[in-house]
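One structure below.
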There are 4 protein chains.
Amino acid sequence: MNLPERYAAVRGQSLALAQPLSDEDCGAQSMPDASPVKWHLAHTTWFFETFILERFEADFQPFHPAFRVLFNSYYNGIGDKHPRPQRGLLTRPSMAEVRAYRAGVDARMARLLARPSTELQSLVTLGLQHEQQHQELIVTDVKHLLAQNPMQPAYADTAPLPSDAAGTLEWLPFNGGVAEIGYAGGGFCFDNELPRHRTYLAPYELASRLVTNGEYLAFIEAGGYADPALWLAEGWDRVRSEGWAHPLYWRREADGRWTEFTLHGRRPLDLDAPVMHVSLYEADAYAHWCGARLPTEAEWESAAALPGLRQLFGACWQWTSSSYAPYPGFKPAPGAIGEYNGKFMVNQYVLRGSSSATPEGHARASYRNFFPAHARWQLMGIRLAR
Amino acid sequence: MNLPERYAAVRGQSLALAQPLSDEDCGAQSMPDASPVKWHLAHTTWFFETFILERFEADFQPFHPAFRVLFNSYYNGIGDKHPRPQRGLLTRPSMAEVRAYRAGVDARMARLLARPSTELQSLVTLGLQHEQQHQELIVTDVKHLLAQNPMQPAYADTAPLPSDAAGTLEWLPFNGGVAEIGYAGGGFCFDNELPRHRTYLAPYELASRLVTNGEYLAFIEAGGYADPALWLAEGWDRVRSEGWAHPLYWRREADGRWTEFTLHGRRPLDLDAPVMHVSLYEADAYAHWCGARLPTEAEWESAAALPGLRQLFGACWQWTSSSYAPYPGFKPAPGAIGEYNGKFMVNQYVLRGSSSATPEGHARASYRNFFPAHARWQLMGIRLAR
Amino acid sequence: MNLPERYAAVRGQSLALAQPLSDEDCGAQSMPDASPVKWHLAHTTWFFETFILERFEADFQPFHPAFRVLFNSYYNGIGDKHPRPQRGLLTRPSMAEVRAYRAGVDARMARLLARPSTELQSLVTLGLQHEQQHQELIVTDVKHLLAQNPMQPAYADTAPLPSDAAGTLEWLPFNGGVAEIGYAGGGFCFDNELPRHRTYLAPYELASRLVTNGEYLAFIEAGGYADPALWLAEGWDRVRSEGWAHPLYWRREADGRWTEFTLHGRRPLDLDAPVMHVSLYEADAYAHWCGARLPTEAEWESAAALPGLRQLFGACWQWTSSSYAPYPGFKPAPGAIGEYNGKFMVNQYVLRGSSSATPEGHARASYRNFFPAHARWQLMGIRLAR
Amino acid sequence: MNLPERYAAVRGQSLALAQPLSDEDCGAQSMPDASPVKWHLAHTTWFFETFILERFEADFQPFHPAFRVLFNSYYNGIGDKHPRPQRGLLTRPSMAEVRAYRAGVDARMARLLARPSTELQSLVTLGLQHEQQHQELIVTDVKHLLAQNPMQPAYADTAPLPSDAAGTLEWLPFNGGVAEIGYAGGGFCFDNELPRHRTYLAPYELASRLVTNGEYLAFIEAGGYADPALWLAEGWDRVRSEGWAHPLYWRREADGRWTEFTLHGRRPLDLDAPVMHVSLYEADAYAHWCGARLPTEAEWESAAALPGLRQLFGACWQWTSSSYAPYPGFKPAPGAIGEYNGKFMVNQYVLRGSSSATPEGHARASYRNFFPAHARWQLMGIRLAR
Ligand SMILES: [Fe+3]
Ligand SMILES: [Fe+3]
Ligand SMILES: [Fe+3]
Ligand SMILES: [Fe+3]
């Protein structure tokens, strides 16, 4: 696919994700950490308008002056922002207007893409990668919203097949030593994947596959949520203050059976599927209970280059014990685009791999996803190390 | 109008209020005290379904079992309730489904109304009065929602005319003595307006009209929001913690002129119109600044029976200094309906009169509206006493 | 006693209350609503210094300039105040310095009291009444502080005798009609007891004695804290959010028996003693459960002038259903002294009578004590009306 | 010094720190993160009683059964804990009783120390190191407490001399490569300093000395607290929500000069002294403004083994960019002692060096101090890297 084709494909995919939803579904915000689908659709468009059209169009006029503020996420360099917790109150512009906004920007982008400079190409690529990140958030934010509804509505109607048997968890050994991590190829990567650099690893082992719902259920039934000795102190505080007793969307029904809220509505727990929607605290406590630990991001990335590991990509993101920090020699991009990653490098933890909600072609071994240790609404699970 | 006609008229009016709004507008909740329009439309329908259809239909089947919980406001006697602050997350049922819910209940109500018993008539009348109360809330909640939007959208397009000159404020004297207050006629009233009873009033005076925006602006410009000596202690705490410096929807523009957000969008402040959207604290401080005070509800009701007072009804609700309390001998209705009023009789203050958002025919001199002292989003203003 | 003698007696009584306490006990603040004993001792002294010495001494010099801010409670007219929740952090001045402050001010007051003007006499009387109010707070605040300590230490060592049998609760009828309430005599009263004025009362009945611990226990055992139908809506919210299941200092021990924390440490519940440390919400719910109600303050005061009621004074304060509001024609004193009462007249409820912690000679039938509906740490109990 | 001598010296030093303080000073708690001095004195004693006396005394009897709960800090393995934010409410036991508790435990420890096993020696050493950590907290917590007092009282009376001129900041280069960090010697270290292990470092430079107050003032005057581009996103949120505009104890006086609250009271800002009482956010923003960065803990420790760096120890702790995490192969001690460090390894950042409040002999290059990124009340400053 050439760039204009890729542009069209990625942009179309965002609208496709909204297709099963009503305008009402697209406007609601279930918590400050999540955003309405409509906001995601507008904000990704704002990104192209602000960082590309405004720069490359000779006679740039904003689609709507107010959108500059409404759909800015966090770029202080651009000016004011609408307060994040109030995104669900923006009943205007309507979904129809946001669709028109997308169409208008797409048409103007198409003209620029007819004669792209190198710099433009690189910004468009960034914009598409950005849009793909929001596509994953659309899925996780909608899932969270629908889960709040006592009617437990489904996003998608087709019922998925149960997972195949998970198979034995094997421990794969790795030698360690001085390793190189960080993006190496010639394609796109985010600034936080650079520079590629050396790091030292002691010999280690990784689990061949992810922890399953069935294995995690054993932890619950063994009293894992009731034993402070297994938990980080902060994690234990959360367990108590939030009343955590299982992953985010699980529920023990009146008859004792476990169910999980999914994009297909509430369903019986699939014991062979990877456990998801656990915080770093829960992942760490589970590992502790097993006599294992979580991998560092360097261990994960280093091992991912070698054969043997299953479920690296496409199942769920995998918590690492690595705090999100700049690589040695990290340089953010100049200007407002430089706010993309660097300023979030504190009190967050890195997740590696990708999930079933990650768009096609968006995953790679050097990719650094990151969330606070208490986050649970993403598709986040557990690969063990020791 | 006979009862079936009145039923149709009132129910139709609720839909008419939603007519200028999109489905997105109808789903959002701007704060825990406010509710989405869709919720109001469903909850008023739930009232008829729960308190009338369920009781009088031989073969009653709920329209949808989940609605029993979703659209219960606070009737503990009925069972579970959906948490109030999460009403804005109910993207399902859709507005279309809620319209169908209304139509379905209306059709069944029509059958019952063809042969109404006395008890049924009385419950229907209560249901319609209840619906009218929610009609006023639809207006005030929508106003609050739209005011949060930086684009300051209008609910209604037609621009209103500026007010006529307010005219001189005159003081009308009343004799006091043993007076009777409470509902006296043979028509409908809420249980909190009964029993009619004696009370003793010292001689007093009431202002002939409401305090205007222009008069209130003078209070602001004289430093009213900066002088603790004028304020109740709790009010002064609010002024400081919330940064209050003017009524809720006022704004001082960059050029120094004052504007007010209205249902017609943001407009220049109308100096002759009654000041609105002030808390009891602000009303009390303003009165203090004038050397006056707020009336008691008994003074207001007693005076309203005599000639001379203007703007009693149809402009805005008027704060009284009376705490909302049961009248001597007050008896709530039996059963869940009895939760309508009595259990809210603490830490609220009575407002009298009615507002421009009060439905036709809903106002009367004995009517007791009530809100917490800090509430500002209703159409609430000031009549002075001394 | 002449005024200098009364001055000495009241001032000495404050120190006597602190006598069983260590300096450490006197410095701690158990919650924002309570104050350290040391603060009470200093603040009551500040009152004399600020409102009397500063006004009547020709060559007034403050004892310590910083005390003007540190020990101001809420008089905005006097200037800055130390934030209330941080009173427990004032380890300096020490108790020894506060004792010196008291002695210094007392010596200077003695000189003024040798030749008192009428105005001085009236201010001194107010200062002593103020000090007596704080004496009751010293007791209740110390009780609250010691109750937080897992060791449950006693303030006083002598063990009290159990109460006599409470005797039958009788209903005493009163005629109602136009009554006069408010202070009538020629002695001291607070501004909020004036002016004496007429009010109209429907015929009513009051309980001859207070509700006992045993009676309240029956309410608990009948599930009173689990039935929302008994509660004001706000009260029910508190029951749930705070987990209320009994009066503040009660505890159900492992063996099922009930105990109560008292100034003599934790002791078995005295079933014949009046129930205390209940909020207005609990008092109202209990009354509701009995098919009774709480009296209004006018009913209480009117009946107190007639024979028959027991436990009016000296047991515990008695919640009324009356919101704390100005009497018709109320005029606060001019200047900062005028902040004493009026500005608190919102969202509080009146209690009548007096408690075992009320200083000798401080009680009278027209006295209006007031606290928010959720307050429980004062000696507050229940007299029923119907 | 032999072990009994060291025991006596360290234990005596804790009391010496309390010597300038009144019992009232020792009882107050200025915020949940800080503890009363009395609590520190009792808790360090509890540590010896619980982990040594209870284990090694044949006929162990607790000094007071309640102290087991009152003075447990966070060891879930030991049982219940008194809630941290309520430590300031423990007016009993008194300081005199806590002194008696210390004396009683010390006497019993002396008997055990007469015939110490290897295991006992190692636990006593841990207990003394633990006590030294609390000695530093005594100083910082007292400083915070006194700073809340508007009278700004001094802990120590002797006025310190102003600092010598700071001298030029030089950049010292280090080669990097595979380095070893972690404790290496044969003496005591905490479990979090082990195991010594290899790590890879890119070549780097460190500043020869700490950032001074004068340098930091230039950052302030250049608008550092007003430019979001310099800050981590979380840091910028703090700047806005807490109104940060300078280090914790600084104040700009009415005449424009800067002062700082110190243990000697409020004093003019010493421009040549190292800046202290800044959060990681402020340290990072300052470094960003300089075009520099904070060192990693491995860089710091590695460089500390080489000549050239000044102010490594004894001035103030130095923020690193390293999240507090277990070293590869980390093993906590078995039992409750194992709760000492490991469970805090999330959302905290490592500080290296030591401060003027660190007890003699407690510092070493491998020492890992740690606090949340927003903490400011410790003696924490800035060494730059690049
Ligand atoms: Fe984005
Ligand atoms: Fe309703
Ligand atoms: Fe006072
Ligand atoms: Fe400790």
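Remember, it's a predicted structure, so these values are computed and weren't measured experimentally. Order of the sequence lines fixes the chain letters, A, B, ..., with proteins taken first and strands second; residue numbering starts at 1 for each chain.
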Using a 6.0 Å cut-off, check whether atom [atom1] of [X] has over 12 heavy atoms from anything other than its own residue.
X         : atom1 : result
Arg238(D) : CZ    : yes
Arg198(D) : CZ    : no
Asn175(A) : CG    : no
Asp80(A)  : CG    : no
Arg386(A) : CZ    : yes

**Asked** Which atoms of Val346(D) come close to chain A, meaning under 4.5 Å heavy atom to heavy atom: side chain ones, backbone ones, both, or neither?
**Response**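 Both the backbone and the side chain of Val346(D) come within 4.5 Å of chain A.
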**Request:** Sort by residue number and list every member of residues 282-304 of chain A having a non-hydrogen atom under 4.5 Å from chain D.
**Result:**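 Within residues 282-304 of chain A, no residue comes under 4.5 Å from chain D.
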**Prompt:** Do any of residues 337-345 of chain A come closer than 4.5 Å to chain D, heavy atom to heavy atom, and if so which ones, in number order?
**Reply:**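 Listed by number, the contacting residues are Gly342(A), Lys343(A), Phe344(A), Met345(A).
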**Prompt:** Could you walk me through whether Tyr349(D) and Asn347(A) pass the side chain to side chain contact (heavy atoms under 4.5 Å, CB included) check?
**Reply:** CA-CA 9 Å; Tyr349(D) 284 80; Asn347(A) 288 333; 3.4 Å; yes
**Request:** Please determine, among Tyr281(A), Trp231(A), Tyr200(A), the option with the most heavy-atom pairs under 4.5 Å with chain D.
**Result:**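 Looking at each of Tyr281(A), Trp231(A), Tyr200(A) in turn, Tyr200(A) comes out on top.
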**Between Ala229(A), Ser323(A), Gly77(A), the one whose heavy-atom pairs under 4.5 Å with chain D are most numerous** =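 Sorted descending by pairs with chain D, the first entry is Ser323(A).
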**Item:** Side chain, backbone, both or neither of Leu280(A) within contact of chain D (heavy atoms, under 4.5 Å)
**Value:**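 Interface part for Leu280(A): side chain.
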**Asked** Who pairs with Tyr204(D) by ring-ring contact (aromatic ring centres under 6.0 Å, His included), at least two apart in sequence or on another chain?
**Response**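 Residues passing ring-ring contact (aromatic ring centres under 6.0 Å, His included) with Tyr204(D): Phe174(D).
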**Request:** Sequence neighbours left out, what passes ring-ring contact (aromatic ring centres under 6.0 Å, His included) with Trp317(A)? Give chain and number order.
**Result:**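 Trp317(A) satisfies ring-ring contact (aromatic ring centres under 6.0 Å, His included) with Tyr367(A) once adjacent residues are dropped.
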